[in-house]
Amino acid sequence: MQPTVLLLGPPGSGKGTQAARLAGDRGFRQLATGDLLREARANGTELGRRAAEYMDRGELVPDDVILAMVCDAIARAGDEPIVLDGFPRSLPQAGALADALSQQERDLTAAILIDVPDNVVADRIMGRGEGRSDDNPETVRERLRVYHDETEPLVDYYDDRGLLRRVDGAQDPDAVYQEVRSAAA
Ligand code: ADP
C-alpha cells in the first residue's frame, strides 16, 4: 500500500513548499485544499463562490464543501502516494478523513507537524507578497487564531495514535525537507 501522509502546521509554515517537494522528489500526489478552493474561485464555480467569503475572513470553509472535494480527490488518486496539505483542519475533519481513507482501503502513514512560532509565520506571510486576498494583517491574525483553536488539537489526536512526527519548520527549506522526507518514508 502506498503512503498517505498529511502535513500539519500554521499558515505560512511551509506546508505547500514541502508538499511540492515530496511530489517532485518522491512522486506523491499533492492534495492542497487551499489550492483546490482558489482554483474553484478562479473558475467561478458555485463551490468557489461559497468558499470565497469564508476564506477572505480567515475562517474555515464549511465541512460539506471541503469533504466532497477531498473525498473525490482521494478516490481519483487511485493507488498513488498522497500528501495532504491543509486538510484536516479540525477534529471533525480528521474523523471524516479516517472514514474516507478506510473506504479507499488506505491507512494514514504519518502526520507531520511543521512547527513554527506565530511571530515567524506572520512575518513570512506578510513578506511573501503573493497577492492573496487573505494575506492582510487582520485575516492573518484570524487564520492563526483558527489554527490554534481548531487545528492544533490534531497534534494530540495524531500523537495518541502514534502517527505524529515533529519537524522544526524554522530551519531553511532544504533542512526542513530532509526531516519531512524521512518522516514520510
Ligand atoms: P494557509 O495554510 O496559509 O492558511 P491555505 O491555502 O491552506 O492557506 O488555506 C486558505 C484558506 O482556505 C483557509 O483560511 C480556509 O478559509 C480555507 N481552507 C483551506 N483548507 C480548508 C479546510 N480543510 N477546511 C476549511 N477551510 C479550509
Side-chain angles (χ1 to χ4, degrees), residues 4-22 30-41 50-67 69-70 73 82-98 100 108 110-161 163-173 176-177 179-180 183-184:
T4 307
V5 307
L6 62 87
L7 301 182
L8 277 176
S13 56
K15 299 185 296 292
T17 302
Q18 299 300 328
R21 292 201 178 193
L22 280 176
Q30 185 178 356
L31 205 168
T33 42
D35 290 346
L36 292 171
L37 291 168
R38 278 184 289 277
E39 213 174 280
R41 278 180 83 160
R50 265 192 76 195
E53 50 179 309
Y54 295 92
M55 297 175 80
D56 288 344
R57 286 199 300 261
E59 292 170 10
L60 296 186
V61 172
D63 280 355
D64 60 330
V65 174
I66 298 289
L67 293 177
M69 217 171 65
V70 171
I82 298 178
V83 54
L84 294 162
D85 157 14
F87 179 88
R89 251 175 157 92
S90 64
L91 287 168
Q93 288 188 3
L97 173 64
L108 190 64
I112 304 173
L113 172 65
I114 305 182
D115 216 356
V116 186
D118 280 11
N119 59 330
V120 175
V121 293
D123 287 351
R124 278 191 196 168
I125 294 172
M126 295 318 299
R128 72 186 173 189
E130 283 178 354
R132 270 170 53 172
S133 57
D134 58 350
D135 280 355
N136 60 78
E138 227 170 82
T139 309
V140 169
R141 257 196 309 278
E142 179 62 7
R143 282 156 61 201
L144 278 168
R145 188 193 65 74
V146 170
Y147 173 74
H148 291 300
D149 288 358
E150 306 279 336
T151 311
E152 219 168 24
L154 297 180
V155 172
D156 284 343
Y157 174 91
Y158 288 116
D159 203 15
D160 289 346
R161 286 158 180 75
L163 290 168
L164 189 74
R165 310 284 179 268
R166 283 177 198 270
V167 164
D168 174 8
Q171 311 172 88
D172 70 71
V176 176
Y177 183 61
E179 294 188 22
V180 166

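To the nearest 0.5 Å, atom CG of residue Asp149 and atom OG of residue Ser90 are 12.0 Å apart. Remark: Asp64 CG to Met69 CE distance equals 11.0 Å, nearest 0.5 Å. Separating the CG atom in Asp115 from the CD atom in Glu179 is a distance of 10.5 Å, to the nearest 0.5 Å. A distance of 7.5 Å separates CZ in Arg38 from CD in Glu130, rounded to the nearest 0.5 Å.
Under a cut-off of 6.0 angstrom, the local environment of CD in Glu53 is crowded, with over 12 non-hydrogen atoms contributed by other residues, nucleotides or ligands. For Arg41, the CZ atom counts as densely surrounded, since its 6.0 Å shell holds more than 12 non-hydrogen atoms of other residues, nucleotides or ligands.
Within the 4.5 Å cutoff, no side-chain heavy atoms of Val176 are placed close to those of Thr17. Tyr177 has its side chain within reach of Leu22: a pair of non-hydrogen atoms, C-beta onward, lies under 4.5 Å apart. Side-chain contact between Val180 and Val5 is absent, with no heavy-atom pair separated by less than 4.5 Å. Put simply, the side chain of Leu164 does not reach to within 4.5 Å of the side chain of Leu154, judged on heavy atoms. Between Arg124 and Val116, some side-chain heavy-atom pair lies under the 4.5 Å cut-off. Between Arg132 and Met55, the closest side-chain pair of non-hydrogen atoms is not below 4.5 Å. Leu67 is listed as a side-chain neighbour of Phe87, based on a closest heavy-atom distance under 4.5 Å. Here the side chains of Pro11 and Val140 are not in contact, with every heavy-atom distance at 4.5 Å or above.
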Please lay out, stage by stage, how Tyr158 and Leu113 fare under the test side-chain contact (heavy atoms from CB on, under 4.5 Å).
-> CA-CA 10 Å; Tyr158 288 116; Leu113 172 65; over 6 Å; no
Evaluate the criterion side-chain contact (heavy atoms from CB on, under 4.5 Å) for residue pair Leu31 and Leu36; output intermediate values, then yes/no.
-> CA-CA 8 Å; Leu31 205 168; Leu36 292 171; 3.9 Å; yes
Steps toward salt bridge (Lys or Arg N to Asp or Glu O under 4.0 Å) verdict (Asp118, Arg145) | CA-CA 10 Å; Asp118 280 11; Arg145 188 193 65 74; over 6 Å; no
Apply side-chain contact (heavy atoms from CB on, under 4.5 Å) to Val121 and Tyr147, showing your working.
-> CA-CA 12 Å; Val121 293; Tyr147 173 74; over 6 Å; no
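For the side-chain contact (heavy atoms from CB on, under 4.5 Å) criterion with Leu6, the lone passing option out of Asp85, Val83, Leu97 is Leu97.
Between the side chains of Asp56 and Ser133, at least one donor N or O sits under 3.5 Å from an acceptor N or O.
Checked by atom type and distance alone, the side chain of Arg143 pairs as donor or acceptor with a backbone atom of Asp134 at under 3.5 Å. Without hydrogens or angle criteria, Lys15 side chain to Ile114 main chain gives no donor-acceptor distance under 3.5 Å.
The minimum heavy-atom distance between Met126 and Pro137, with the atom names listed, is CE-CD, 3.7 Å. Here the closest non-hydrogen pair linking Ala110 and Arg165 is CB-CG, 4.2 Å. Across every non-hydrogen atom of Ala183 and Ile112, the tightest pair is CB-CD1, 3.8 Å. Contact detail for Tyr157 and Ala94: the closest heavy-atom pair is CE2-CB, 3.8 Å. Shortest non-hydrogen contact noted between Gly58 and Glu142 is O-CG, 3.9 Å.
Looking at Asp63 and Arg89, no side-chain N of the basic residue comes within less than 4.0 Å of a carboxylate O on the acidic one, giving no salt bridge.
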